[in-house]
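Heads up: the structure comes next, in structure tokens.
Sequence lines set the chain letters: A, B, ... in the order given, protein chains first and strands last, and positions in each chain run from 1. Any value given below was found using the heavy atoms of this structure, including those in side chains, with hydrogens, waters and symmetry copies removed.
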Amino acid sequence: MLKMAGVSKIYRTSEIETCALNKIDLHIKAGEFITVKGPSGSGKTTLLNVAGLLESFEEGELLLDGDNVKGLNDDKLSALRNQKIGFIFQGFNLLPELPVFDNVDVPLRYRGFDAKERKKRIDNALEIVGLTSRRKHLPMQLSGGQQQRVAIARALAGEPRFLLADEPTGNLDSTMAKEVMELLKKINNEGTTIIMVTHDDELAAKASRSINILDGRIVDVAEAGKTNIGGHKTQSTQEADHAGL
Amino acid sequence: MLAYNLQLAWISLRQTPGLTLLAIAAIAIGLGVLMTIQTQSRHMRSLPIGPVSENIYLVQMDNRDLNAPSLDQSFEMPSLSFRDAMYLLNTDTPAIDATTTWKTRGIITTTGQEYNPVRGIAVATNSGFFSIFNVPFLYGNGWTADSDTQGNAVVVISNRLNRTLFGDEDSVGRQITIIDKQATIVGVLDEWPITSQFYDRSFFRGFSDDIFLPQSFAISMNLPRYTRIECQAADRPRTRAYQLADVRHVINSECAWVNLWVKLETEDSVENYKSLMENYVSEQKALGRFPREQNNFLDNIVTHQNAFLSRDARFKFYQRLSWFFAGVCLLNAILILLAKFIRKTKEVALRRALGAKRNVLLVQYLIELVVIGAIGALAGLALSYLGLQGMLGVYMYGTDYEYPLSTVEQLYQMDWQLIRDALLIGILSTIVAGLYPIWKVCNVAPAPLLKTE
């Protein structure tokens with residue numbers, strides 16, 4: 001579904017070059033729930049941005065549903081993002097002046113659906129996240145957890161091939177974080193592929209596969225219930241085992 | 001999508017009301033000043049008596065001294081001497097409509113009524129004046145050609161003077177006294193929508209004179225020549241006398257003071273008339289007149305008006321000032337819109353992440369600019385209206401309310417063309433002002449902006 005082969009991303013200024021991703025090889029299959037871990041500055045978010053077609057890359061290939069996206073122009077990348085990818089951000093990134101319904105509507109507008117189709121999808125997405133009754137509320141009238149659920153509804157409404165979540169619980173307290181994670185797990189169980197960046201080992205343990213990144217390289221891949229690639233069982237995998245995943 | 005974009009534009013305007021109002025104010029003030037000045041300019045530039053202005057020509061033949069500076073513009077050239085004007089006026093070849101004008105003045109009184117005497121400016125002309133210039137009448141008509149030849153004591157008065165002397169009554173057949181000579185009113189002018197007093201070459205804005213009388217009558221009464229008299233060096237010391245003393249002296253002089261207007265409707269007739277002028281000057285040179293080389297002009301009213309406006313320093317100054325002011329306001333609008341749209345970078349980043357193509361966002365923000373421009377233009381039109389009303393008030397006050405409002409206000413009126421221009425300029429200038437800011441915003445890299453909160 002998503003395949004990275006030797007992908008490198010370098011940030012350049014007039015003085016220095018920073019290799020944010022260094023020859024990343026990654027194959028994500030449909031229905032997987034993958035977490036990406038690593039210390040700050042390790043390249044987690046860059047990996048997510050490249051996978052989400054928000055940033056270009058210098059080397060390697062990125063195949064999305066078998067199609068190479070390297071060299072596609074901005075309009076084609078926008079269309080691919082709109083049709084195949086849903087984003088969930090740590091800071092929710094809702095449009096504060098628009099009510100919940102209209103926030104969820106944003107990507108559907110760019111998809112060109114008619115009003116009836118958009119309404120059906122928005123109602124369905126809001127029902128999944130349990131916010132049908134809040135459709136006319138402005139984001140500021142909702143709690144952090146509810147705002148993140150609106151963001152999830154927005155990501156889901158377009159029925160994307162996969163969701164990219166960048167620390168989706170980073171701004172939430174533990175109760176709300178748990179709610180959001182349960183929701184993401186439920187969405188994943190229904191067939192949507194999820195790639196999630198997190199610092200939280202406990203959350204990472206709930207994933208089917210956990211990738212550890214350091215200095216732009218994948219240094220560790222652990223699958224739930226299996227030993228990691230390096231032959232050791234990671235802490236998160238052990239916890240996942242305890243959690244029964 | 002248009003309705004959606006309009007809805008987003010409206011939300012955006014309400015989201016940053018301060019910056020929106022500042023942008024609209026900058027556009028409105030610039031446009032208001034520009035439109036106020038441009039309205040007046042357009043009225044000043046418009047054809048003084050409509051399309052017929054292009055067919056009426058001023059006849060000029062250079063009869064100055066040999067050592068007078070050479071002139072290559074008709075605007076600078078004196079008018080004609082009385083004898084030359086009369087010859088060309090009365091020549092039958094080719095048969096054309098023609099009229100002469102010069103200005104005089106006198107004290108006007110009426111018999112049997114308790115009015116204070118009025119000092120009136122009068123135009124000495126002939127019967128052709130009214131037909132050539134399409135002068136509208138409220139009562140009566142112009143005088144007949146017989147009155148020209150016989151010097152009959154007849155006058156046509158403006159409706160302003162008619163109102164002053166007789167209320168709004170039909171005064172045809174009544175008598176007024178000019179200095180000490182009684183004259184019968186044969187016609188009262190209706191409002192004559194001229195944009196400038198072209199017929200005496202002053203291009204004074206917008207009003208006709210109060211009294212028109214036969215030139216022959218004015219001469220027989222020895223009315224003063226309240227007009228510019230340009231003489232050759234030998235006669236120059238007597239210029240003042242030529243204005244006030246016995247008219248026979250100036251009639252027989254080489255001094256130029258009579259405007260001769262001819263109506264020529266085809267290019268052939270213009271060429272024929274030029275030939276007539278050349279032949280006439282050649283004949284006169286043979287008689288010892290016209291000491292200089294032939295230098296004749298036959299330019300129409302529009303040419304004279306354009307020359308007048310091009311030399312009007314105040315007109316040009318206000319024109320340039322209004323454009324400069326509008327430019328400064330537009331520059332302000334650019335900065336304000338830049339500040340407004342820079343705030344949208346995060347929204348743009350999000351919309352792009354959610355699949356918006358760059359040109360879709362450009363269109364969205366262009367529509368917002370169009371809304372701002374349209375509101376700015378409407379506000380500018382309101383300011384322009386207030387500005388024109390203010391200038392009208394100042395003018396009326398400055399002229400001591402001498403001229404009727406209905407005559408003056410035509411020069412300060414907005415029309416549909418102005419409204420259309422204002423909307424176009426407002427919207428286009430706002431797009432120009434906002435294009436750089438929205439282009440800049442729509443080209444930001446979205447990824448870094450989505451990470452931070």
Heavy-atom pair with the smallest gap, counting every atom of L450(B) and N93(A) = O-ND2, 3.1 Å
note = Between the CD1 atom in I11(B) and the CG atom in D102(A), the distance rounded to the nearest 0.5 Å is 6.5 Å
key: Greater than 12 external heavy atoms within 6.0 Å of R12(A)'s CZ   = yes
query = What pair of heavy atoms forms the shortest contact from G355(B) to N82(A), and how long is it?
reply = CA-CB, 3.6 Å
ask   = Hey, is NZ on K70(A) packed in by over 12 heavy atoms from elsewhere, all under 6.0 Å?
value = yes
query = Passes side-chain contact (heavy atoms from CB on, under 4.5 Å), V106(A) versus L350(B)? Steps please.
reply = CA-CA 10 Å; V106(A) 171; L350(B) 177 65; over 6 Å; no
Top contributor to chain A interface from S12(B), P446(B), A349(B), A353(B) [non-hydrogen pairs under 4.5 Å] = A353(B)
query = When only pairs under 4.5 Å are counted, which of R154(A), Q83(A), R111(A) shares the most heavy-atom pairs with chain B?
reply = R154(A)
key: CD (E127(A)) with more than 12 external heavy atoms under 6.0 Å   = no
query = Of all heavy-atom pairs between S78(A) and A356(B), which one has the smallest distance, and what is that distance?
reply = OG-O, 3.5 Å
key: Y395(B) OH: over 12 foreign heavy atoms closer than 6.0 Å   = yes
task = Take atom OH of Y436(B) as the centre, draw a 6.0 Å sphere, and report whether it contains more than 12 heavy atoms from other residues, nucleotides or ligands.
result = no
ask   = With a cut-off of 6.0 Å (strictly less than), are more than 12 heavy atoms of other residues, nucleotides or ligands near NZ of K316(B)?
value = yes
ask   = Between D74(A) and R358(B), is the closest basic N to carboxylate O distance under 4.0 Å?
value = yes
message = Only pairs of heavy atoms separated by less than 4.5 Å count here; which of R352(B), E347(B), R14(B) has the most with chain A?
response = R352(B)
message = With a 4.5 angstrom heavy-atom cut-off, is it the side chain or the backbone of L98(A) that approaches chain B, or both, or neither?
response = side chain
ask   = Would you find more than 12 non-hydrogen atoms of other residues, nucleotides or ligands less than 6.0 Å from F315(B) atom CZ?
value = yes
request  = Establish, for the pair R351(B) and Y110(A), whether the NZ or CZ atom is under 6.0 angstrom from the six-membered ring centre and no further than 45 degrees off its axis.
outcome  = no
ask   = Do you know which of E55(A), E167(A), E97(A) has the most heavy-atom pairs under 4.5 Å to chain B?
value = E97(A)
Heavy-atom neighbours of R135(A) CZ exceed 12 at 6.0 Å = yes
Portion of A445(B) that has a non-hydrogen atom of chain A nearer than 4.5 angstrom = neither
